[in-house]
Each structure stands twice: as C-alpha cells, then as structure tokens.
> 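I have a structure I would like to understand better, so I am pasting it below and will then ask my questions one at a time.
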Amino acid sequence: SSPRPPIEPAPGTPENRPMAPSSSKTAVAAAALAGCAFVVPNTQRSTERTALRRSGVAQAEASGSSHSGSAALGVTLGALGAAVLRARHAKTTTKAFENELGVQPPLGFWDPAGLSSDGDAREFYRRRVVEIKHGRVSMLACTGYIVQEFFRFPGFLSPSSEIKFTDVPNGLAAATKVPAVGWFQYTVFCGICDLWLMHQVPTNPPGKLCTRLFGEETTNYEYGFLGLPGYLGGKAIADPEVKKKKLNAEIANGRLAMMAIIGMFFQDGLTGSAWGDWANYTDSPLRAFESELGVQPPVGFWDPLGFTKTDDAASFRRRRYVELKHGRVAMFACLGYIVPEYYRWPGDLSPSLGLKFSDVPSGFAAFSKVPLSGWAQMVAFAGTVELFQYVDDPKRAPGDFENAGFLGVPNSYVKAPAGTKEKKLAAEIANGRLAMMAIIGMFFQNGLTGEAWGDWSLYTDSPLRALSPAQEAIAGTGGPFGDDFWDPAGITNGKSKEEILQLRAMELKHGRVAMLAVLGWFHVAAGYHIIGDYAVGEHLDNNPLVNLTQMPMGGIWQVVFTIMCLEWVTTYVCKPPEEKPWDILGWTDILIEDEKSIWNQFGKAQLQELNNGRLAMMGITGLIAQDVLFGDFGEAAVLPCFGAAACKELFSPVGPESTTEPFLGAGFIYPPLAQ
C-alpha cells in the first residue's frame, strides 16, 4: 500500500504558532517555575518589562542596518505593533473559541464555568480532545445498555466457569458475573486502543485519531467516517459542510450520552435494574408522603435533604404544620411591605406622641418609629391568636383550625366553595413557599440598600462595584477564579494600597503555613514521625495533638526558634519588594511573568497557591476541631482503601493498644536510647 501522506498541522496548533522562546528565556522560565507558588504577578511591571524586552530585540535586529533612521523607525514600528497586538488580544480573548465545533443551538458558546476565558488554545484543545473521547465512550456505554435488552450472543462467555452470555444480567449487576480474566481482557484491550490503535496526534484536529505503531508512515493509518480504518477503505468526508455537520452532531450526541449514561447508572443503582421500575425503589424517601398536599408541579415531591426518609408520620405532620404557619406569616409580611407603598391609614398612630401613620416608613426603618406600647399591643395580639383563637388540633389536618373558615375568617362565617378545598389548600402551600423566599429577599434588599424597595445605587458597599485604585493592586490575581476580585466581607474597603498588599501577604503566609500544617497532620496520622520517635526513644502516638504533648520541650523550642529566625530574616535582613510583600524568595527580578511558553504556568500556579491556601486554612481548623470534639484525627484518610474491610490484611497492630498502622508486616519500633 502507498505510504500515508504526512499530517498537515491543524490551525491553532503549536506548529502554526510563533517560534518557541530562545534557550536563555526557556532556562529562566524553567528556573522560575519552582518559585511560581510564592509570587503573584503585577500587571503594570510585567508589561513594562515586556515592552523593554521587545524594544531591545527590535533594536538588536535593527542595529545591522546601514541606516540609523531605518533602525529608529523599526524600533518605533515594533513597539507600536506590539501595543496594537496586545490591545487586539485583550479585546478578543473572550471570543477566541466562538467559531469552534460544538458551538450550536440552543446554547451557542456555553461555558458557564469560564474554563476557556483565559484564551489558552492549548488548554482548549486538550479539553476538546477529552470531551470527544468521553462522549464516544458514553455513546458506546449507552448502546451497551440498550442492545442487551434485545440481543445476546449465543454460547458461553467463559466455558471453564460455565457462564453463558445469557447468564450475565444487564447493567451494573454484570460486574459481579464477569470473571476476573474477562475484566483483565477488557483492561488490556482498552489499553492497547488508547496507547497504540487510537492515538491523538497533537497536530491533528481534536478527535481525529490514527495508529501509533512501529514503522512510521509505512505501517500506520488514520480512520475515516464512523471510525472505519484506512486499510479497509475508510476515508474522511470530503465535503466541508457535511463534515462540519457530522462532527457537530458527534459532539452533541456525546454530550447527551454522557448525561444519559450517568442517569442510567443512577437508575440502575437505585432500582436494581438497568431499566429500573420505580416500584423496585422501595427505599425512596418519596414513597410514604408522595400523595400529600404540596406535591405538585414543577418539582413534584421535593425533599432533597431527606427529612421524610424515616417515614415518621408525626414528624411529617409537625413539619407540615410549621411550613403552613411560616408561609402564612410570610404572606402577611410581604403584604405589609407592599401595601404601605400605596396606602396608609389616616390619622394618628399614637396621639400622645403626635405620631401619624404617614410618619412611619416602610421596612426596617419602621422599627425605630413605632412606640414601645405599639410593640406590646402587637405581641399581645399575636399571642392571643396563637394560644386561644387558632390552636392546632392533632386530630385535624395540619393548619386546619376548628374555628376558622375560608381565608381564615373566624368561626367559619365564610365557607369555601364546594369542590375546591384541595385546590385551594395546595395553592396556599405553594404561595406560602413563594412568600417565604420573597420576604427573605426583601429583608436583604432592605438591609443592603437602606430602603424597603432599595435602589441599587444606594448600596455603596457592594463587592460588585468598580474597584478602587488601591484594590487594583491585587486585581486579577485570582480567588477562586483567575480574574476574580473576591472580598465578600468588604475587608479592603477604605484600605490603602499598602494595607491591601499587606493583607494579601498575610493571607498567603497563613495559607502556606496551613498547607504545611495539613501535610504534617496527615504525615503524623499515618505513623511517619521518625524524628520525634528517635528523639524520645519510643513510638509516639499518631494523634497529632497527643503527639505534640509527647515531644520534649527542647524539641518544641527548637521549632519555635527556627520559625523566629525565618521571620527575622524575611522581615529585617532580606525584605521582600514593597509591591510584592509576599515574595519572600525574591523571584521578582528574575521571573519572566508573561513569557508565552508551555513551561511558564505562572498564572495557574499563583491561583492554585491562593486557593489551596484558603482551603488548607479551613482544613486544618476543621481537623483540630474534629480531634478536640470527637477524638477523630482522620486516621482513615491515610489508610489503604480509607480503612475499608477489604484491606484489613494490609494493617498490622502496633503497640499495646493495637493501633493500626499502614505498614506491611510488623511496624518498626525504635529501641530505647542507652541510659
């Protein structure tokens, strides 16, 4: 056969990008990578350095010219071109992938998590390859679920085990029937496909696979339409429009299949059947009360927290009674917010104080205007209604009071229209739920803006407002996403630039300490505390808090002294730059922050350090609290299989109290030191 033609590089791939940076820049970027986690970028300074580097390159290239005027013109045009390219890139980054495959109705370009907001073509390419692969696997998985309902191969699946194909059930239950050698065959086959038969060449478009066999172009081949191999006549679709339509359909079907197979797994796991009958899900929390009032569109019986899982009728009745009462109060509260905007009672609210109804503002501000005697009257009225007028009767339905008629009119003077009671009660529950959400929203709106129907412009402390010049010092440094400025508590409001930089430096320092603390915690919990064991002469406790009390005082003071020395060095001897007080290792002057290279993951590294530090601060606090309150120091987290019974043989008892250790065989115990 004729050799396979060379693969043309796909648009946007590394082969069609500008040349890689010089070896000197690459070396600097590689050396700086180790310190990326301790440095946060400064946009202004990095831009200045970039401009200087580019102008320097332009000057070097122009120096060989025989005309000094041409050299000056080259420098000017080079700097101007770089600025234009930077401006164009800044404007079009968010639209970098809007013309890619998969951008189709009804959602268009759908990226709610902002994964492609950085405009990184290499990262987008990787995600698209993964998406297509997962979609193809999911389509095969869905087909596997469906086909077995209508067709099974004849004969034996495993003659030695006497298992026929018809003996293997459909769905998740098949995992218990297929012998181990069968799973081994599956694993080997998938590995061969992934490593050699279906290889993604980086220069090919995402999803365009070929083989990776020995012999280069002579023995390797690509795949055509529907994955037909080239040696069997498989060819790519020639018509560009038809090809684009088919590829879009594959991506859409793959997305649907990924959702579908997860739904099948849940359905199978809950009902015990691949196409599970709802009647088989006997443990459903929706069973006992699914015919009660309030079960209505669009969510049906909605109990995501599983309050009704116990099937306790008394608890359900109590919760329904509380729900109805809160809903009725919330509906009154919403009316109380709305009506005063259009109507007030005439006359005096308090003649003795000269206070008129029109003098009382709406919302929270009314609390300061109503006199104390007025509040006493309200409390007395509510107590009378609660204790004597509308009293709950356990023999009646929740919220159904004996002496209350339609719309709550006392003593049943008004009757509900015949045949509408159930509909009216369901409407009351739905409106009460809506009112509970609405009144909470009104409270927030009132509290944040200072008015019952607050104007957004009055919320001057909003974290969503434009940043101050001082806050711009750390803008774009992330948390939780790369372009976020996250300060929900408003700590930076009114702070100077220097104060904000110090706050970020303290946050990073605490985060770094917390990350080390979490690592040390699990290191001790796993039983790896060799230095302490050697210093004391015996195996110390694996509980980090107990372990700390067993350490000799001299060792503790050594740790404290070491920390003090580090603080002294970074505060007085080798002070970090003022614009980056967190850069304790001094990477500012040698790191090329904006170098366009796959080795320069500076932005990602700084964001990871910030987010991981925040997570670690929460984590170490939770670990300490859990240990103090419950005595659980997370030992299971460091054990194989998280302490599952299947891995018990990996543990061995150590010490008189049989503390489990993740060592194979007997744990090593240091002998006592010679006296």
> State, yes or no, whether a side-chain contact exists between L610 and R504 at a heavy-atom distance under 4.5 Å.
yes
> I'd like to check H199 versus L209 (side-chain heavy atoms, cut-off strictly below 4.5 Å). Are they in contact?
no
> Which pair of heavy atoms, one from P154 and one from F165, lies closest together, and at what distance?
O-CD1, 3.6 Å
> Who are the ring-ring contact (aromatic ring centres under 6.0 Å, His included) partners of Y145, not counting sequence neighbours?
none
> Should Y223 and F225 be marked as a ring-ring contact (aromatic ring centres under 6.0 Å, His included) after you check the CA-CA gap, both sets of side-chain angles, and the distance that decides it?
CA-CA 7 Å; Y223 295 91; F225 181 56; over 10 Å; no
> Side chains of residues 184-198: which donor-acceptor pairs under 3.5 Å do they make with residues two or more places apart or in other chains?
residue	atom	partner	partner atom	Å
T187	OG1	W183	O	2.9
D194	OD1	K133	NZ	3.0

> Report yes if the side chains of F633 and P544 come closer than 4.5 Å at any heavy-atom pair, otherwise no.
yes
> Please report the shortest heavy-atom distance between D268 and L172, naming the atom on each side.
OD2-N, 2.6 Å
> So, do L623 and F522 sit near enough that their side-chain heavy atoms are less than 4.5 Å apart?
yes
> Report yes or no: do Q200 and Y125 form a side-chain donor-acceptor pair below 3.5 Å?
yes
> Can you confirm whether L157 sits close enough to V168 that some side-chain heavy atom of one is under 4.5 Å from a side-chain heavy atom of the other?
yes
> For the residue pair I620 and W521, establish whether any side-chain heavy-atom pair is separated by less than 4.5 Å.
yes
